[in-house]
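Per chain, numbering begins at 1; letters A, B, ... match sequence-line order.
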Amino acid sequence: MTAVAEAKIKKRVLPSPVTGQEMVLVGVIAVLWAALAVSTPAFLTAGSIQPLLVATAPVALIGVGMTIVIITGGIDVSVGGAIMVCSVLTAKALVEAEVGLAVAVLLSVAAGALLGLVNGVLIAYGRVHAIIITFGTANLFMFLGLRIFGSGTVNGIPGTLAFFGRGPDGRTLGVPHAFLITVLITAAAWWWLRHTAGGRHFFAIGGDAQAARLAGVRVQRRVLLAYVLTGLLVGLASCFVIAQGTSTLDQSVGAGKELAVIAAVVIGGTSIMGGRGSVLGTLLGALLVQSVASGVTQLGWRSQLSDLFVGIFIIVAVGADLLRARARRNR
Amino acid sequence: MRPRFTAAVVLTTTAAIALSGCTKKNDTDTAASSGSGDKTYKVAFVPKLQGVPYFEAMNAGGKEAAAALGNVEWLYQGPTQADAAAQADIVRSYIQQKVDTLIVAPNDPDSMAPLLQQAKDAGIHVATADTDAPTSVREVFVNQATAQGIGEGLTDALLKEMGGKGKYAIVSCGQTAENLNAWIKVQQEYTKTKYPEAEIVDVVYAGEDQAKATQMATDLMNAHPDLTGLVGECTSSAPGVAQAVKDAGKIGKVFTVGLGTPQAMKPYLQDKSSSAAILWDVENLGYLTAWAGAQIAQGKPFAATNNVSSELSAVAYTEADKMLLLGPALAITDENVDKFNY
């Protein structure tokens, strides 16, 4: 086969590098930012955009893992509980053992990976739907987290993780580290999912697990990997969460984050039915949600309006996905 | 089962008579002592959520009171998140257990009211502490401080730093929290009358989420470049607004006060990103709650001024709104923060 023919086939097989949903999201975010810039002059200043990007990072980062999980046709509703376990463990290590930045990150990531492994093993080999398993583990993780909290808060957390924080230590040349790391990981995941066989197996599993198995994809291993990856990213995101929080960590940490992450994934255009999706869209979805929340506050509107907007975005995004699916079937 | 049932009937009747206020004191006393001479009263307290330093300190105070009073068994259980439905389940389980007194700090006063009615129908004495359910059948509300006292305390502490003028904003938590909203109302009115040159530019709601409170405070500072003050209305947003000021490098330009627990506020009080935390002695509040629970379980009426313990020697009770008042609000600064271990 000639190189030209090979390239032609590749072109036919690969979807376009940027999906329609992502183009729409870029447009919506651009319009929103422009509108906010006009109505509140401070919106487009560094002092406003930098914290916004920092606040986007944890949700977007976990969203990378969640996107892969949802592409395989699964879901992980235990990430909120997992954030609680990772962050309380890490915060305690920071306070009581006075560990350094690298150790803290390693500890958090290892804890997250372990929790992800529990989910992955149960889902891949237990043959029970992911929502049931992760709903169960969500409660287990919460129990574990509360036990580690031990009826108190973790006080006096030192500034060890300020590298990921909102303050001046959290930026290089004006770019917040937490957001930069998130963008890099998103880019790597995008390339991996699109251009390697291993990455594309996730789509095959989500499209038709049986067909994927017959085609030689090791379905269970791939599924296991998706949950472990999500766990790893939860671990890293928990470090971001601690860095962005105050010097006290209380048990509300992580609460409701699973829904925020799933919202970002769905708004980003990933099909909740599996088989299709993109991590780039998830990053944009998370950015849009945080921009709306900041915008509502800066405009002086009622806080609950941001919930309303996020709800509308989700419904519109899912509606668009269903329409696209219908169009494909009729083709 | 039978003796307990008899005791419950006696207790309920006694309480009903005492409350309707148409008996002579002697009758109540004899009835109470004959019906339950050395009975231990089960006093159950359901906080808004369990495991936060605030309610754990109340629990510590309640335990202390139970030990001091001798005839009280203090029960304490709350939901792990400030959720009205989860709290209702715990209240129902205490009704099932037929405790003597059930005291609640309701997450949602309106949805708690019918449950308290249920408890009363089951012969249980009901009360509220920390947060009131004003429309309910509760026999007493153990109030930490009046809305007036807290609202004015917060406003005075902040405006002292702001020089009596300027723009400030409030980061509150639950949008339906009765007590927070009552304090905010006082802050708005008091600011208008006492500090005519000051203005509250916005009130936002962050839930119990610290990170969200911090982000909202950051957004508020961006939206109002001339903002010089922020109030954190609850224990999660008080450190949150201080952290936002610290991260933005605006210590000394934007002042914050808040309703924070001492240990959580300590680093911020020390680096001056927070000027003061307004609170009350939470352990004493727990002590008073347990004492009041025992009091109504025994059908004893409250006096206008009650001698509860050596630290609480003159607790005022107002008959009109059936409220016990702990005392004036307390300002915690970097000077006295070490006195509190919660």
Side-chain angles (χ1 to χ4, degrees), chain A residues 36 39-45 47-52 54-55 58 142-143 145-146 149-159 162 165-170 240-257 290 293-304, chain B residues 49-56 59 80-83 169 171-173 175 201-225 232 235-244 246-250 260-268 271 342:
Chain A
L36 285 170
S39 41
T40 64
F43 181 78
L44 272 188
T45 59
S48 160
I49 294 296
Q50 283 162 347
L52 190 155
V54 174
M142 230 135 69
F143 166 78
L146 290 171
F149 266 113
S151 287
T153 49
V154 184
N155 292 323
I157 300 169
R166 198 184 281 100
D169 295 338
F240 295 1
V241 168
I242 295 173
Q244 289 168 31
T246 66
S247 65
T248 300
L249 193 76
D250 68 35
Q251 53 180 275
S252 69
V253 66
K257 281 285 181 288
Q290 188 54 49
S294 284
V296 164
T297 309
Q298 293 203 13
L299 287 170
W301 291 359
R302 290 171 162 272
S303 309
Q304 69 264 44
Chain B
L49 77 164
Q50 202 168 348
V52 293
Y54 180 88
F55 286 113
E56 294 304 316
N59 184 26
T80 51
Q81 276 165 27
D83 172 41
V171 180
S172 186
C173 304
Q175 200 141 4
V201 291
D202 206 350
V203 181
V204 298
Y205 301 88
E208 305 286 332
D209 186 339
Q210 279 192 3
K212 198 169 169 191
T214 313
Q215 179 62 29
M216 283 183 144
T218 311
D219 286 329
L220 286 169
M221 284 189 281
N222 282 314
H224 309 278
T235 53
S236 62
S237 70
V241 296
Q243 180 72 38
K246 188 173 170 177
D247 284 342
K250 290 187 172 168
T261 45
Q263 283 304 312
M265 294 306 291
K266 193 174 160 185
Y268 301 104
D271 69 21
Y342 49 90

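- Closest approach of B/Gln81 and A/Ala255 over heavy atoms only: NE2-CB, 4.1 Å.
- When all heavy atoms are compared, the tightest approach of B/Thr218 to A/Arg166 is OG1-CD, 4.0 Å.
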> Do A/Leu146 and B/Gln50 pass the side-chain contact (heavy atoms from CB on, under 4.5 Å) test, and can you show the C-alpha distance, the side-chain angles, and the key distance before you say yes or no?
Replying inline: CA-CA 10 Å; A/Leu146 290 171; B/Gln50 202 168 348; over 6 Å; no
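- Residue with the most contacts toward chain B among A/Gly165, A/Gly300, A/Ser247, A/Gly245: A/Ser247 (heavy-atom pairs, distance under 4.5 Å).
- The contact between A/Ser48 and chain B is made by backbone and side chain atoms together, counting heavy-atom distances below 4.5 Å.
- Most heavy-atom pairs under 4.5 Å with chain A: of the set B/Gln215, B/Glu56, B/Gln175, this distinction falls to B/Gln215.
- Atom CD of residue B/Gln210 and atom OG1 of residue A/Thr248 lie 6.0 Å apart, to the nearest 0.5 angstrom.
- By number of non-hydrogen pairs under 4.5 angstrom with chain B, the leading residue of A/Ala55, A/Pro51, A/Ala42 is A/Pro51.
- The main-chain N or O of A/Gly47 is found under 3.5 Å from a side-chain atom of B/Asn222 such that the two form a donor-acceptor pair.
- Heavy atoms closer than 4.5 Å to chain A are found in both the backbone and the side chain of B/Pro239.
- The line from CG of A/Asn155 to CE of B/Met265 is 11.5 Å long, rounded to the nearest 0.5 Å.
- Heavy-atom pairs under 4.5 Å with chain B were tallied for A/Gln298, A/Gln290, A/Gln304, A/Arg302; the largest tally goes to A/Gln298.
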> A/Lys257 and B/Asp209: side-chain contact (heavy atoms from CB on, under 4.5 Å), yes or no, with the steps?
Replying inline: CA-CA 11 Å; A/Lys257 281 285 181 288; B/Asp209 186 339; 3.6 Å; yes
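- Checked against side chain to side chain contact (heavy atoms under 4.5 Å, CB included), A/Val54 has the following partners two or more places apart in sequence or in another chain: A/Pro176, A/Gln244.
- Both the backbone and the side chain of B/Ala264 have a heavy atom closer than 4.5 Å to some heavy atom of chain A.
- The backbone N or O of B/Gly51 sits less than 3.5 Å from a side-chain atom of A/Gln251, completing a donor-acceptor pair.
- The contact between B/Tyr268 and chain A is made entirely by side chain atoms (from C-beta outward), counting heavy-atom distances below 4.5 Å.
- Most heavy-atom pairs under 4.5 Å with chain A: of the set B/Thr214, B/Leu49, B/Leu220, B/Val204, this distinction falls to B/Thr214.
- With hydrogens and angles ignored, the 3.5 Å screen pairs a side-chain donor or acceptor of A/Ser252 with a backbone N or O of B/Glu208.
- Taking chain B as the reference chain and counting heavy-atom pairs below 4.5 Å, the highest number among A/Pro58, A/Ser303, A/Gly167 is found for A/Ser303.
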